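In this text the structure is predicted, and so the values were computed from the model without any measurement.
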Amino acid sequence: KLDHIHTFDTEYSFDDNYHWYAATCVHTGEVKNKAAHRWNAGVVTSEATVYDEGVKLYTCQDCGHTKEETIAKLPSFTVVFYDSDNKIISKNNYKLNTVSSQIVIPTIQAEEGFQFETWINIYDSKSVAEIDFSKAQENAVYQFKPTFVKIHEVIFIDYEGNQLGETLIVKDGEKLTANHLPTTPSRTGY
């Protein structure tokens, strides 16, 4: 009687933790060279952003089996701008330590007779210019609404009806000073 000699596949079989050579003879439960995967350093196939997780792909250096690992989203904060009707006109996430100059601030059109003043934070009434975004906390949300001021056009005319100087745009409640006035007419004043 001859002893049975197991034969094994030349290609690795594997699961999530190990690889081995499976028997090709009638003893299918036999394996040869079973070992844990030896993962390489991995390759980032998709960078993590402030919006999405990333993906890193690892490959076993022996059998070629691969596994993916999720890379957490970058820590971020959110800046939201609303229009006068409370509709979102801009919503962006930013990495922590983003400086204020990198924040995208939308422009907004004012109704006739009004002028856009500034963006005001809904929670603390600070203007967007007063906030140091580089100190934002993870997952913080800054929400801004526009503020407008009523404006008036002021035109100076001489006694013949000719306009003197430029048309001035004056905010409601603002006082005119001598610096605002055009050159004083020589005879009759304003």
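How far CG of Asp62 is from CZ of Arg38: 4.0 Å, rounded to the nearest 0.5 Å. The NZ atom of Lys91 lies 7.0 Å from the CG atom of Asn93; values are rounded to the nearest 0.5 Å. Atoms OG1 and CD, from Thr78 and Gln143 in turn, are 9.5 Å apart once rounded to the nearest 0.5 Å. A distance of 4.5 Å separates CG of Leu57 from OG1 of Thr59, quoted to the nearest 0.5 Å. From Asp172, atom CG reaches atom CD of Gln115 across 11.5 Å, with rounding to the nearest 0.5 Å. Rounding to the nearest 0.5 angstrom, the gap separating the CG atom in Asp124 from the CD atom in Glu130 is 8.5 Å.
Of all non-hydrogen atoms in Leu168 and Phe156, the two that sit nearest each other are CD1-CE1, 3.7 Å. Nearest approach of Gly165 to Gln163, heavy atoms of both residues: O-NE2, 3.2 Å. Contact between Ala48 and Lys73 at its shortest, heavy atoms only, is CB-CA, 4.4 Å. Smallest separation of non-hydrogen atoms from His19 and Ala36: CE1-O, 3.4 Å. Between Tyr51 and Asn92, the shortest heavy-atom contact is OH-CA, 3.3 Å. In terms of heavy-atom proximity, Asp15 sits nearest to Asn17 at OD1-N, 2.8 Å.
Both the sub-6.0 Å distance and the 45° axial angle are not jointly satisfied by Lys145 relative to the ring of Tyr82.
Using a 4.5 Å heavy-atom threshold, the side chains of Thr98 and Phe133 count as separate. Inter-residue side-chain proximity for Glu153 and Ile169 is flagged as met; some heavy-atom pair is nearer than 4.5 Å. Contact annotation: the side chain of Tyr58 approaches that of Asn40 to within less than 4.5 Å [non-hydrogen atoms, C-beta and beyond].
Side chain of Asp83 to backbone of Asp85: a donor-acceptor contact under 3.5 angstrom is found. No donor-acceptor distance shorter than 3.5 angstrom exists from the side chain of Thr167 to the backbone of Ile155, with no hydrogens or angles considered.
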(request) Begin from the C-alpha positions of Phe148 and Glu117 and carry the test side chain to side chain contact (heavy atoms under 4.5 Å, CB included) through to its verdict. (result) CA-CA 5 Å; Phe148 300 93; Glu117 185 88 62; 5.9 Å; no
(message) If you apply the rule side chain to side chain contact (heavy atoms under 4.5 Å, CB included), what do you find for Cys60 with Trp39, and how did you get there?
(response) CA-CA 4 Å; Cys60 176; Trp39 302 112; 4.0 Å; yes
(request) Please lay out, stage by stage, how His65 and His37 fare under the test ring-ring contact (aromatic ring centres under 6.0 Å, His included). (result) CA-CA 8 Å; His65 179 59; His37 292 299; 5.1 Å; yes
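Ile131 and Ile105 fall within the same hydrophobic cluster, where Ile, Leu, Val, Met, Phe, Trp and Tyr residues are linked whenever their side-chain heavy atoms come under 4.5 Å apart, directly or through other members. The hydrophobic clustering, which links ILVMFWY residues whose side-chain heavy atoms are closer than 4.5 Å, places Trp119 and Val104 together. One hydrophobic cluster, built from ILVMFWY side chains closer than 4.5 Å, cannot hold both Phe14 and Tyr18; they sit in different ones. Side-chain heavy atoms closer than 4.5 Å link hydrophobic residues (I, L, V, M, F, W, Y) into clusters, and following such links, even through other members, never connects Val80 to Ile108. No path of Ile, Leu, Val, Met, Phe, Trp and Tyr side chains, each step under 4.5 Å between heavy atoms, connects Ile120 with Val149, placing them in separate hydrophobic clusters.
Partners of Tyr94 by ring-ring contact (aromatic ring centres under 6.0 Å, His included), not counting sequence neighbours, listed by chain and number: Phe77.
Ring-centre distance between Tyr12 and Tyr21: below the 6.0 Å cut-off.
Applying the 6.0 Å contact sphere to NZ of Lys126 captures no more than 12 heavy atoms from other residues, nucleotides or ligands. Residue Gln61 places its CD atom among more than 12 non-hydrogen atoms of other residues, nucleotides or ligands, all under 6.0 Å distant. When the shell of 6.0 Å around CD of Glu138 is examined, it contains more than 12 heavy atoms from other residues, nucleotides or ligands.
Checking Asn97 against Ser134 by side-chain atom types alone, no donor-acceptor pair falls below 3.5 Å.
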